[in-house]
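The structure displayed is predicted, hence computed values, not measured ones. Quick note: residue numbers are just sequence positions, from 1. Every heavy atom of this structure was used, including side-chain atoms; hydrogens, water molecules and symmetry mates were not.
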Amino acid sequence: MRARYRGLVSAIGVAATVVVLTGCGSDSTDTNAPSVTAGTSGAQVEIGNTINYGSFGTTADIDCADGKSLNVGGSNNTLTVKGTCASVNIGGADNKITFETVNDSISVVGLNNTVTYAAGDPKVDDRGSGNSVTKG
């Protein structure tokens, strides 16, 4: 029953993120129809050029491809993001997220998130507490 509750909470979190942040700053030319993936590694909803990911306590790989935007909601996740993200919005707590490249912006709302990106020169907006956003 606990796994079912987590799935429901993840889906609600992703849906809320979709409503608030859909399409924020995407540079990708991908125009595929929306897709949804849900499973043990969280729920992922892709609408247009924006990936919306939500989960609690998972480890997952996400692919921004070439210029998609990414919205992350949830807590205690360890995420590895491949490809080039246009912009990134992170909400939640205690997430550890590593990016290959972020071009435009990283916005963090939440607590104790650790965000690292290897390439790019994004504008960083940290509106939370105890967050770390570093290039490295």
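Across N95, V133, D94, a single residue satisfies side-chain contact (heavy atoms from CB on, under 4.5 Å) together with N113, and that is N95.
Cluster annotation: V109 is not connected to V115 through the hydrophobic network of ILVMFWY side chains, with a link wherever side-chain heavy atoms come within less than 4.5 Å. Following chains of ILVMFWY side-chain contacts shorter than 4.5 Å, one can reach V124 starting from V72, so the two form part of one hydrophobic cluster.
In this structure, N52 contributes its side chain and V45 its backbone to a donor-acceptor pair below 3.5 Å. Distance alone, capped at 3.5 Å, places no donor-acceptor pair between the K96 side chain and the T116 backbone. Judged by distance alone, with hydrogens and angles left aside, the side-chain atoms of N77 form a donor-acceptor pair with the main-chain N or O of G57 at under 3.5 Å. A side-chain donor-acceptor contact under 3.5 Å links E100 to the backbone of G83. Checking side-chain atoms of D104 against main-chain N and O of P122 turns up no donor-acceptor pair under 3.5 Å.
Within the model, atoms NZ of K68 and CD1 of I62 stand 11.5 Å from one another, a figure rounded to the nearest 0.5 Å. Separation of atoms CG (D126) and OG (S132) is listed at 9.0 Å; rounding is to 0.5 Å. Once rounded to the nearest 0.5 Å, the distance linking CG of N131 with CG of L111 reads 7.0 Å. Note that the CG atom of N76 and the OG1 atom of T58 stand 9.5 Å from one another [nearest 0.5 Å].
Looking only at side-chain heavy atoms (C-beta outward), L70 and F99 come within less than 4.5 Å of each other. Considering only heavy atoms from C-beta on, V81 stays 4.5 Å or farther from Y117 through its side chain.
Here the shortest heavy-atom pairing between Y53 and A60 reads OH-CB, 3.6 Å.
In summary, the side chains of S69 and T50 do not present any donor paired with an acceptor at a separation below 3.5 Å, with no hydrogens or angles considered.
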Practice task
Report the C-alpha distance between N103 and T84 in whole Å, list the side-chain angles of each, state the deciding distance to 0.1 Å, and finish with yes or no for side-chain contact (heavy atoms from CB on, under 4.5 Å).
Solution key: CA-CA 7 Å; N103 282 336; T84 301; 3.2 Å; yes
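Salt-bridge annotation for R127 and D125: present, with a side-chain N of the basic residue lying under 4.0 Å from a carboxylate O of the acidic one.
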